[in-house]
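All remarks here apply to the structure that follows.
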Amino acid sequence: MDNNPFLNAQQQIDDAAKYSDCDSEIIKVLKEPQRVIEVSIPIEMDNGKVEIFKGYRSQHNNYRGPYKGGIRYHPGVNVDEVKALSAWMTFKCATVDIPFGGGKGGVIVDPHKLSEHELKHLTQGYIDKIFDLIGPEKDIPAPDVYTNAQTMAWIMDEYSHIARVHSPAVVTGKPLENEGSLGRDTATAQGAAYVLYEYLQTVEKKLENTSVAIQGFGNAGAHLAKILYDSGFKIIAVSDSKGAIFSTDGLDPRAIEEHKEKTGSVKNFKGTKNIPADDILTLKVDVLVPAALENVITNKNATKIKAGCILEVANGPTTPEADEILEKKKIDIIPDILANAGGVTVSYFEWVQNLSRFYWSAEEVDSKLKSKMESAFSDIHNFAKKKKITYRQAAFALAINRIGKAVKNRGILN
Ligand code: GLU
């Protein structure tokens, strides 16, 4: 139970529903995706052999706007994971009050084992299979784990090719040359940093000498390390899928990034100590940042966590059982649907720019992102304090109110 992300997402909705104003009949609707499809994608590999890849798209809810959410390429993708991720997107978009619902896609593949040419064909094949379900007013994909701006450019091209229209707004996270938005590549990390600054100023009343450990050194984790380092935080440990490094003196994330590019991992970086990857979660730090996959903080390790607070940059890193343990230990969790909402927020800005064919400066994107993240944090903080509940319960309850009202006003139930 603890490891099924979809059951965990449903439990989070139930846990928060009692603090919302939403009718229990509507809660039933919010717990299930509206549509889930499975596709198989045959690819002629570079060696001439055919391989079949399995893919999914889950469309959780579109009452507040088109389905929105990334596409993940990972060997661990499965239908429950995609369903959970799509549900979290619905609540995330409502948390930062952007007019989208939630969706998510995934293909079961280890993209590191495919050539560029094979990956392009896989992306084209996947879009071909889900073409009827997506579109600028229907469902708008974006990057997620192991997909990037290049993947999004292929998606835009394939969709535009089949539809015989130029359609940049069908996907976000595109390269700048293909009508992407300034600030989208760093948006998840930047949004998380804005929320963290607000939290530390409001709750801890200080920013100085904050120590941070980051589990996951991919797009979000590495960018966040750089942003926090530049703001004077001390990054004392980082990890990737191969291992973790630790130094009480602090790490320079740019040097680590260079090292990772050369060697394929953060491990064995001079002047630091290699530690087992899981040990990063139990270090004594001010801020622990899970920035990789779901289910890393569980009932097995939650009792050992010594961090001051947890900033969930990954989706679903903490299971409901771990949540309870951490609540008892009075460790605040800044939940994923708030902490990592900067990515989809700038995706929304990209979509608006695509539809209006008018492009914003980096300053404009950044100031709009900052105000979205700060006002979402302040709503959630105030609600959590008023009701004496966790930030996750507050974020979900406020999101449920927004979505529930949209459902009701549309006359979908009653
Ligand atoms: N994959 C990101 C997320 O989980 C971004 C989604 C988007 O931009 O649509 O929030």
Side-chain angles (χ1 to χ4, degrees), residues 5 9 56-62 64-74 77 81-107 130 134-149 151-152 155-156 168-175 179-192 195 216 218-221 223-224 290-294 311-317 334-354 365 368-369 372-373 376 395 399:
Y56 304 94
R57 184 80 184 163
S58 171
Q59 298 183 320
H60 177 261
N61 192 290
N62 66 351
R64 295 182 71 257
Y67 305 105
K68 182 84 190 84
I71 294 172
R72 175 174 293 199
Y73 286 175
H74 193 274
V77 163
E81 180 188 57
V82 173
K83 281 163 69 177
L85 291 163
S86 71
W88 287 322
M89 286 310 302
T90 302
F91 294 95
K92 190 185 301 185
C93 292
T95 295
V96 279
D97 202 10
I98 56 176
F100 286 134
K104 197 75 152 210
V107 176
I130 64 165
I134 62 171
E137 310 286 344
K138 285 194 208 172
D139 183 351
I140 305 136
D144 196 79
V145 174
Y146 297 157
T147 56
N148 54 30
T151 326
M152 303 305 120
I155 293 177
M156 193 257 258
V170 68
V171 63
T172 59
K174 300 177 293 293
E179 298 180 68
S181 175
L182 287 164
R184 177 61 187 85
D185 52 347
T186 52
T188 306
Q190 188 63 66
V195 172
N219 178 56
H223 277 128
L224 182 65
L293 296 170
E294 54 276 5
L311 179 70
E312 291 186 334
V313 168
N315 288 308
I334 306 172
D336 47 6
I337 60 168
L338 168 66
N340 72 29
V344 74
T345 300
V346 177
S347 276
Y348 167 55
F349 299 158
E350 180 173 333
W351 180 77
V352 169
Q353 293 171 77
N354 292 154
V365 171
K368 287 188 163 74
L369 171 65
K372 273 276 178 215
M373 300 311 295

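Read the numbers this way: they start at 1 and go in the same order the structure lists the ligands and their atoms. These values consider heavy atoms only, across backbone and side chains, with no hydrogens, waters or symmetry-generated copies. Numbers for residues simply follow the sequence, beginning at 1.
Side chain to side chain, Asn315 and Asn340 meet the donor-acceptor criterion of an N or O pair below 3.5 Å. Checking Thr151 against Asn148 by side-chain atom types alone, a donor-acceptor pair falls below 3.5 Å. Of the N and O atoms on the side chains of Ser347 and Arg184, at least one donor lies less than 3.5 Å from an acceptor on the other residue.
Using modelled atom types, one side-chain atom of Gln353 and one backbone atom of Phe349 make a donor-acceptor pair closer than 3.5 Å. Under a 3.5 Å cut-off, the side chain of Asp336 and the backbone N or O of Gly316 do form a donor-acceptor pair.
Proximity of Pro143 to ligand 1, defined as any heavy-atom pair under 4.0 Å, is confined to the backbone N, CA, C and O atoms. Proximity of Val346 to ligand 1, defined as any heavy-atom pair under 4.0 Å, is not found for any part of the residue.
Close contacts between ligand 1 and Lys104 involve ligand atoms 1 (N), 3 (C), 4 (O) [criterion: under 4.0 Å to a heavy atom]. Near Lys92, meaning under 4.0 Å from any of its heavy atoms, are these atoms of ligand 1: 3 (C), 4 (O), 10 (O). Close approach of ligand 1 to Asp144 is summarised as follows: ligand atoms under 4.0 Å from at least one heavy atom of the residue are 1 (N), 2 (C), 4 (O). Near Val344, meaning under 4.0 Å from any of its heavy atoms, are these atoms of ligand 1: 7 (C), 8 (O), 9 (O). Set against the non-hydrogen atoms of Met89, the atoms of ligand 1 under 4.0 Å away are 3 (C), 4 (O), 6 (C), 10 (O).
Atom 9 (O) of ligand 1 has its closest protein heavy atom at Lys68 NZ, 2.8 Å. Atom 5 (C) of ligand 1 has as its closest protein heavy atom Arg184 NH2, 3.6 Å. From the protein, the heavy atom lying nearest to atom 7 (C) of ligand 1 is Ala142 CB, 3.3 Å.
Ligand 1 has an N or O atom lying under 3.5 Å from an N or O atom of Ser347, backbone or side chain.
Residues Thr147 and Met152 form a side-chain contact, since some pair of their non-hydrogen atoms from C-beta on lies under 4.5 Å apart. A heavy-atom distance below 4.5 Å is not found between the side chains of Pro66 and Lys138.
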Chi angles and distances behind the side-chain contact (heavy atoms from CB on, under 4.5 Å) call for Gln190, Val346: CA-CA 10 Å; Gln190 188 63 66; Val346 177; over 6 Å; no
